[in-house]
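Whatever order the structure lists them in is the order used to number ligands and atoms, beginning at 1. Along the sequence shown, residues carry numbers from 1. Note that the coordinates shown come from a computational prediction; the quantities given were computed from them, not determined experimentally. Basis for what follows: all heavy atoms, side chains included, without hydrogens, waters or symmetry-related copies.
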Amino acid sequence: MRANYHTHCDYCDGRASAAEMAAAAAAAGYSILGFSSHCPLPFPADGNMELSRLGEYRDEIRALGRDWAERGLEVLYGLEIDYIEVQCSPRDAVFAEAGLDFSIGSVHYIDLPGSGRFAVDYDGEEVARWLSLYSGGKDAGRAFYEAYYENLARLIEPGGFDILGHFDLVRKNNGARPDGRGRYFDESSAGYLDAAFAAARLLKGTDIVAEINVGGMARGKVSSPYPILPILKELRSLGVRITFSADAHAPGHLGAHLEDARELARAAGYDSVAILTRGSWTETGIDET
Ligand SMILES: [Zn+2]
Ligand SMILES: [Zn+2]
């Protein structure tokens, strides 16, 4: 059963309409498609939906669901919800009251002394500029990943969402070589992995599903899925379930890099992925995806 719960469309920074994304999913062999537009934020943000459009979005996704139900595609209404300290969380009333079928919890924004608030997945040169302004006294690369994983921990601990988005998004602009050394930090270093594993441990015993996310690959930003193998192995040892996410921003992203996701899952010891269908979670074999 092929499913994807991480789909953007023109309500946020996706490059196609929801109807175009649904048609592309059906053509690529999906039987479940979850829409997860970037949630409204309490400050202006280009890539996020405006709060005034939330009702329209819900109605459009629900209508698509009715259209596609007889044609073998289950369409789900969800959001990718940011955790931004004080400002936004999956536990905010606006999201609890939205009647979502599911939600993804993600950290995109961090706040560093001197740099201020910025999105870790923004354009690479912008991120470099913000990090050059860092004045907190640590190595800037270390401050960068520590702040990211501290926010991830604050997102995970109280829960209130179904899927954890792109576990190690902080490496998107790191441009690491196969040995792990990157522009800002070494992804194979004990310091880096300790920070990531501390956040991972908070998933143990929860119902939160982690992603193998190929969105960064589809857009040419990273050469392997999120997360890297050592982190995925840690998730596996903690008993955390996984889902394959296209993080699709265009029709062509649906169905892309699935074999990369399967290969990484197998390498970490997974043989099944979690599937949300008709309101409950089940498992399907990796070879059925
Ligand atoms: Zn995201
Ligand atoms: Zn996304």
### Message
Could you check whether any side-chain heavy atom of Ser223 comes within less than 4.5 Å of a side-chain heavy atom of Met217, counting everything from C-beta outward?
### Response
no
#### Entry: Basic-acidic side-chain contact under 4.0 Å: Asp186, Arg177
no
Give the table of side-chain donor-acceptor pairs shorter than 3.5 Å for residues 20-31, with sequence neighbours excluded, one pair per line with atom names and distance.
{"residue": "Glu20", "atom": "OE1", "partner": "Ser17", "partner atom": "N", "Å": "2.8"}
{"residue": "Glu20", "atom": "OE1", "partner": "Ser17", "partner atom": "OG", "Å": "3.2"}
{"residue": "Tyr30", "atom": "OH", "partner": "Gly255", "partner atom": "N", "Å": "3.1"}

### Task
Determine whether the aromatic ring centres of His8 and His253 lie less than 6.0 Å apart.
no
### Query
Considering the options Val94, Leu155, Leu41, Leu100, which one meets the side chain to side chain contact (heavy atoms under 4.5 Å, CB included) requirement together with Ile81?
Leu100
### Query
Tally of protein N/O/S atoms under 2.8 Å from the Zn ion (ligand 1)?
3
### Query
Does the side chain of Gln87 come under 3.5 Å of the side chain of Tyr109 through a donor N or O and an acceptor N or O?
no
